[in-house]
Amino acid sequence: MVKYIFKRLIISIVTIWLLATVSFFLLRTLPGNPFQTEKLLTVEMQERMMAYYGLDRPLIEQYFTYMKNLLRGNMGYSLKYTNRTVNSIIASTFPISAELGLRSLAIALPIGLALGVASARKRGKAIDYICVFVAVIGVSIPSFIMGSFLQYVFAIKLKILPVSQWETTAHTILPTVALALSLMATLTRVMRASMLEVVMQDYIKTARAKGLSEGRIVWSHQIRNALIPVLTMLGPMVTSVLMGTFVIEKIFAIPGLGQHFVNSITGLDYTMTMGLTIFYGTFLVFANFLVDIAYGIVDPRIRITK
Amino acid sequence: MKRKLSAILLIVALLCSIIAGCTTTGNKNDPGTSPTTSNNTGDKTEGSSGEPKLADDQTFTFVGHNDIMTLDVSLMNDEMSALVMYAVNEALIRYSRGKVIPGIAKEYEISDDQTVYTFHLRDAKWSDGKPVTAYDFEYAYLRLLNPETGSSQIENFNAVVNAMAYASGEITDASQVGIKAVDEKTLVITLIKPEPFFLEEMAQGINFYPIRKDYVEKYGANYGSSPESFIGCGPFVLTEWAQGSKIVMEKNPEYWDADSIILEKVVEYIVGDENTRVGMYDLGEVDGIYSISAVQTVKYSDSFGTHAGGTLQHLVFMSKEGAILSNKNLRLALSYAINRDSIVKAIASPGTVVADSMIDPGISLDGESILGKYPASSNVPANGDPAKAKEYLNAALSEMGLSSPSELPAINYVCLDSPTHRAYAEALQAQWQDVLGVNVAINIMPVPQAIGSLLAGEFDIFLNGMSTGVAPETLLDNYTMDNNNNYAKWSNQEYTDLFNQSMNADSLEERFSKLQQAHQIILDECPVSPLWMPGTAYLYRDYVDGISYGRQTGSIEFIYARILAH
């Protein structure tokens with residue numbers, strides 16, 4: 001186990017290094033520079049700013065400087081929010097996005113999985129159709145429509161919840177639900193499909209032939225095996241949800257991390273884009289690592305120790 | 001992908017506003033009311049007779065769309081930071097309701113040769129009670145110019161002796177710069193030559209505020225990134241800045257003119273989504289919206305106000321040798337074919353006015369409009385002149401040896417990726433097609449790439465929006481020969497000579513009349529074609545009294561506002 005973790009750690013570090021390197025050079029191939037904003041700076045001023053931030057130096061030199069700082073955990077100052085470091089921006093906005101994400105997952109995970117199981121168990125029955133219908137709606141309605149709709153009904157018309165901001169628990173309800181609905185729908189669909197596949201397996205027939213109780217079959221054989229595709233999906237899903245969602249955060253005016261992903265790349269804020277990419281990548285690598293360990297718990301056949 | 005998303009968002013926004021519009025009860029919507037007739041001045045309820053009763057709670061809340069980027073005066077370059085800075089800090093002089101008024105300086109003298117400005121400071125205090133001194137201003141201005149600060153705003157000081165040399169690192173001795181605190185209460189600024197617009201520049205500019213050296217030294221590079229790391233001497237104190245979410249300012253009891261300030265508290269929410277902003281306004285969570293889109297002005301047709309000026313949108317035609325639009329008649333044909341009036345009415349934000357010159361008519365000296373006294377015009381009617389456009393087109397075609405407009409090579413219109421810019425591009429493209437039969441291809445690019453193309457000269461047509469500044473030559477300055485910022489790559493000896501003569505003129509009369517001649521040449525030659533000065537619509541409740549918008553960014557004046565009983 002220790003050896004395995006050590007090996008994975010090395011692979012993870014190499015992955016993150018590759019990610020940082022490739023992003024660094026890809027980002028610089030984009031035409032334009034961060035000082036070419038709608039508010040036109042003169043050519044002379046742009047050159048002054050490029051020189052000030054060392055962006056006029058050879059790219060390879062900039063790369064080594066960046067990597068050296070990155071090793072010390074320093075991702076530099078944002079080029080747009082001039083007095084704030086990328087570290088401090090992530091530190092202040094990530095907890096907000098993560099809180100929203102965790103709240104949504106806490107709702108979406110149990111309900112989504114339960115609906116998926118129920119739906120598969122009662123295949124072709126009314127409950128199945130209802131679950132599938134809800135899941136299709138949830139997956140196909142984009143979050144900005146769902147968010148605006150919830151906001152319109154519950155905040156503007158019924159006036160029972162706040163329109164926006166991120167202050168009290170009441171403020172968190174609408175965005176949490178808006179985000180949870182699509183997650184729940186996705187989970188329901190994957191879980192249902194996976195359950196249906198498992199039900200057909202020979203080992204389920206064997207279990208039945210052995211005379212196991214139905215509850216035991218569902219719990220230990222069906223759900224447990226059906227969870228594997230869900231687990232695979234969970235790594236990237238949790239990462240993307242915790243990292244914030246641009247649209248939901250925009251609609252409900254939540255000062256999370258999501259907006260920065262979009263704004264930093266459109267504004268060519270090099271340091272910010274790099275910082276976010278590396279942060280996201282590291283988180284994803286870590287999440288996948290946890291998923292790998294979870295595989296082994298769910299399915300002993302994929303034990304990692306051997 | 002992003003383009004598609006924003007298109008969908010736009011449709012949803014439209015749908016939502018239609019639904020919202022339909023369900024509004026009462027007779028707020030009067031289709032007969034022309035939107036532009038309401039409150040063009042900006043002072044919404046000014047001039048009502050008698051002293052109105054004030055509300056007990058003097059808290060003003062409004063919602064804006066962007067966070068402030070920085071509170072570091074030396075680096076500040078964005079509208080929202082400027083807006084907050086106007087309230088929480090104060091420069092030597094202040095620009096308020098179209099006038100220069102005293103700020104921290106109680107008076108100033110200008111030497112007989114018009115080059116030495118001596119400011120006498122009043123007894124003002126920072127919000128922590130320490131006195132504001134001339135050294136704070138000297139420090140702030142020299143810090144901005146210091147190459148180690150990395151400011152893009154140094155051109156604010158280009159009239160000052162040795163300022164540019166110091167900023168470029170040519171000289172390292174700051175004491176040679178014409179900015180000097182003589183004692184605690186006296187600041188002397190020395191200009192290279194008389195510059196009548198320097199005071200306006202100081203008043204309307206956003207980088208002339210004082211800075212406390214001990215704060216910069218304490219917080220280093222993080223100075224101005226939080227309420228704790230910033231201190232001001234303005235009418236309000238920044239008490240909370242929840243980044244990306246909320247800004248709270250409270251009345252500053254230490255402000256020298258605190259008696260004139262009625263508001264106790266100002267709260268700005270930062271909300272990226274317009275429907276959310278409008279929802280907050282409808283629910284009464286905020287008293288106003290900083291700016292609203294043209295779509296929303298339909299819903300609030302009788303209650304919104306507008307302000308315009310400060311920016312000129314104009315077409316830049318790539319005029320360098322070898323380019324398609326190096327043909328002057330073709331440029332004129334394109335310019336005359338545009339029905340500016342119809343585009344402004346259909347697409348532009350309310351308050352937008354058609355322009356026919358490269359000088360903002362609002363630029364004035366001693367209360368007199370420079371353009372009014374020294375007029376120049378492109379002579380293109382606001383609704384275009386299709387007949388004349390066709391004449392120019394035919395002349396151009398015969399010069400190029402072509403028989404029909406379809407034989408013209410592809411004309412490349414580089415367009416910024418924003419909803420308004422796309423709408424403008426499509427409207428212009430349609431008009432050129434309809435009037436002239438000329439085919440223009442629109443090439444939409446993200447902002448940095450589009451600006452990159454503009455600077456590299458990789459376009460034929462570019463719709464450029466630029467601040468008109470406080471001096472009349474601001475936009476004309478770029479188009480002299482061999483200027484790096486001559487976006488049209490237009491080369492005209494006569495224009496360049498006249499412009500330079502104007503800049504080196506001994507008298508104001510000579511300066512402006514030379515500039516007038518140059519101005520007329522650029523309009524006749526048409527490397528740039530003025531379109532309109534974009535306006536902005538805003539929305540405030542009736543009980544918010546005394547809000548006004550300045551010409552330049554950063555001068556939204558809620559500082560003298562008050563909340564009436566309601």
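Proteins come first, then strands; the chains are lettered A, B, ... in the order of their sequence lines, and each starts at number 1. None of these values were measured; they are calculated from a predicted model.
- Both the backbone and the side chain of B/Ala167 have a heavy atom closer than 4.5 Å to some heavy atom of chain A.
- In this structure, the portion of A/Tyr77 lying under 4.5 Å from any heavy atom of chain B is its side chain and not its backbone.
- Proximity of the aromatic rings of A/Phe94 and A/Phe283 is defined here by a centroid distance below 6.0 angstrom, and this criterion is met.
- Shown here are the side-chain hydrogen bond (donor to acceptor under 3.5 Å, both in side chains) partners of B/Ser225, two or more places apart in sequence or in another chain: there are none.
- Interface summary for chain A: among B/Ser245, B/Gly452, B/Gly244, B/Ser418, the most heavy-atom pairs under 4.5 angstrom belong to B/Ser245.
- Within the 4.5 Å cutoff, the side chain of B/Val63 has no heavy atoms near those of the B/Tyr281 side chain.
- Neither the backbone nor the side chain of B/Glu274 comes within contact range of chain A; no heavy atom of the residue lies under 4.5 Å from a heavy atom of that chain.
- Take B/Lys489 and apply the side-chain contact (heavy atoms from CB on, under 4.5 Å) test, not counting sequence neighbours, and it matches B/Met318, B/Lys320.
- Contact annotation for B/Ser453: neither backbone nor side-chain heavy atoms come within less than 4.5 Å of a heavy atom of chain A.
- In this structure, no portion of B/Ser229 lies under 4.5 Å from any heavy atom of chain A.
- Heavy-atom distances place both the backbone and the side chain of B/Asn77 under 4.5 Å from chain A.
- Ranked by non-hydrogen atom pairs under 4.5 Å with chain B, the options A/Leu41, A/Ile254, A/Leu30 are led by A/Leu41.
- Here the closest heavy-atom approach between residue A/Phe35 and residue A/Leu55 is recorded as CE1-CD1, 4.0 Å.
- Your options are A/Thr42, A/Thr82, A/Thr37, and the one with the most heavy-atom pairs under 4.5 Å with chain B is A/Thr42.
- The most heavy-atom pairs under 4.5 Å with chain A, out of B/Leu416, B/Ile154, B/Ile270, come from B/Ile154.
- Ranked by heavy-atom pairs under 4.5 Å with chain A, the list B/Gln153, B/Lys246, B/Glu155, B/Met76 is led by B/Glu155.
- When B/Val528, B/Asn478, B/Thr468 are each tested for a side-chain contact (heavy atoms from CB on, under 4.5 Å) with B/Met358, only one passes: B/Val528.
- Counting heavy-atom pairs under 4.5 Å between each of A/Pro255, A/Ala253, A/Gly32 and chain B puts A/Pro255 at the top.
- Ranked by non-hydrogen atom pairs under 4.5 Å with chain B, the options A/Ile96, A/Thr93, A/Ile156 are led by A/Ile156.
- Judged by a 6.0 Å distance limit and a 45° cone about the ring axis, A/Arg28 is positioned over the six-membered ring of A/Tyr270.
- Taking the six-membered ring wherever Trp is involved, the centroid distance between the rings of A/Phe261 and A/Phe246 does not fall below 6.0 Å.
- Annotation: side chain of A/Val177 is in contact with side chain of A/Leu150 (closest heavy-atom distance under 4.5 Å).
- Ranked by heavy-atom pairs under 4.5 Å with chain A, the list B/Leu454, B/Asn222, B/Val271 is led by B/Asn222.
- Between the side chains of B/Thr149 and B/Asn146, no donor-acceptor pair of N or O atoms lies under 3.5 Å.
- For B/His65, no part sits under 4.5 Å from any heavy atom of chain A, backbone or side chain.
- Contact of B/Phe230 with chain A is not made at all, since no heavy-atom distance falls under 4.5 Å.
- Only the side chain of A/Glu167 comes within contact range of chain B, with at least one heavy atom under 4.5 Å from a heavy atom of that chain.
- With a 4.5 Å cut-off on side-chain heavy atoms, A/Val43 and B/Leu455 count as touching.
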